[in-house]
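What you are looking at is a predicted structure, and each value in this text was computed from that prediction instead of being measured.
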Amino acid sequence: QVQLVESGGGLVQAGGSLRLSCAASGRTVSRYTVGWFRQAPGKEREFVGAISWSTGNTAYVDSVKGRFTISRDNAKSTVYLQMNSLKPEDTAVYYCAGRATVFVPNTANEYNYWGQGTQVTVSS
């Protein structure tokens, strides 16, 4: 089992940057893939990207490619979502999620563990 806690959300102007953190705890964190999802009001939860802790492989939704980067810090058991060139349409609650796999799933129902979410608001 793994526990996930997000942090780093906030209010930023369009074109700005934010870095979200997902701190993971548990006995076998290195066997997990951590995904980032977001949900805007009135919309379904959307896959943003994910990273396999063991292989380092990543995947991103097309709308964030070239702007967002996911990385991990093994010593801190933390996954980061670096978000650059933010747009108002990036406004949402961002969640990290975990699943024990070496693959990089891109649908919410493939993840077993979820953090509480952190709000990101991008003003125009």
Note to self: Consider side chain to side chain contact (heavy atoms under 4.5 Å, CB included). Of L4, V2, N112, which one does Y32 pass it with?
What the structure shows: V2
Item checked: Nearest non-hydrogen partners of P105 and R99, listed with the distance -> CG-CD, 4.4 Å
Notebook entry, point to check: Is a salt bridge present between D62 and K65, judged by a nitrogen-to-oxygen distance below 4.0 Å?
Noted result: yes
Note to self: Nearest 0.5 angstrom please: S63 OG to E89 CD, how far?
What the structure shows: 8.5 Å
Donor-acceptor contacts under 3.5 Å from residues 47-56 side chains, at least two apart:
{"from": "S52", "atom 1": "OG", "to": "S54", "atom 2": "OG", "distance (Å)": "3.3"}
{"from": "S52", "atom 1": "OG", "to": "T55", "atom 2": "N", "distance (Å)": "3.3"}
{"from": "S52", "atom 1": "OG", "to": "T55", "atom 2": "OG1", "distance (Å)": "3.0"}
{"from": "S52", "atom 1": "OG", "to": "V102", "atom 2": "O", "distance (Å)": "3.2"}
{"from": "W53", "atom 1": "NE1", "to": "N74", "atom 2": "OD1", "distance (Å)": "2.7"}
{"from": "T55", "atom 1": "OG1", "to": "N57", "atom 2": "N", "distance (Å)": "3.1"}
{"from": "T55", "atom 1": "OG1", "to": "N57", "atom 2": "ND2", "distance (Å)": "3.3"}

Checklist line | Check: Q39 main-chain N/O paired with Y95 side-chain donor or acceptor under 3.5 Å | finding: no
Checklist line | Q116 side-chain N/O to E6 backbone N/O, donor-acceptor pair under 3.5 Å | finding: yes
Next item on the list: Check whether V104 and V61 end up in the same hydrophobic cluster, where Ile, Leu, Val, Met, Phe, Trp and Tyr are linked by side-chain heavy atoms less than 4.5 Å apart.
Entry: no
Checklist line | Residues Q119, T121; criterion side-chain contact (heavy atoms from CB on, under 4.5 Å); working and verdict | finding: CA-CA 6 Å; Q119 176 70 46; T121 302; 3.3 Å; yes
Item checked: Pair listing, disulfide bond (SG atoms under 2.5 Å apart) test, anchored in residues 79-124, at least two apart -> C22-C96
Next item on the list: Heavy atoms only: give me the nearest T91-V122 pair and the separation to one decimal.
Entry: OG1-N, 2.9 Å
Notebook entry, point to check: Which heavy-atom pair separates T58 from I70 by the least distance, and what is that distance?
Noted result: CG2-O, 4.1 Å
Notebook entry, point to check: R19: what forms a salt bridge (charged side-chain N to carboxylate O under 4.0 Å, His left out) with it, not counting sequence neighbours?
Noted result: none
Check: CZ of R67: more than 12 outside heavy atoms within 6.0 angstrom?
Finding: yes
Note to self: Ring-plane angle category for F37 and Y111, please: parallel below 30°, perpendicular beyond 60°, tilted otherwise.
What the structure shows: perpendicular
Next item on the list: Flag the pair N106 / Y60 as yes when at least one side-chain heavy-atom distance between them is below 4.5 Å, and no otherwise.
Entry: no
Notebook entry, point to check: For the atom pair CD (Q13) and OG (S124), what is the distance rounded to the nearest 0.5 Å?
Noted result: 9.5 Å
Check: Partners of T107 by side-chain contact (heavy atoms from CB on, under 4.5 Å), sequence neighbours excluded?
Finding: N109, E110
Item checked: Residues in side-chain contact (heavy atoms from CB on, under 4.5 Å) contact with A40, at least two apart in sequence or another chain -> K43, A92
Distance-only check: which donor-acceptor pairs under 3.5 Å involve side-chain atoms of residues 75-85, not counting sequence neighbours?
{"from": "T78", "atom 1": "OG1", "to": "K76", "atom 2": "O", "distance (Å)": "2.9"}
{"from": "Q82", "atom 1": "NE2", "to": "N84", "atom 2": "OD1", "distance (Å)": "2.9"}
{"from": "N84", "atom 1": "OD1", "to": "S17", "atom 2": "OG", "distance (Å)": "2.9"}

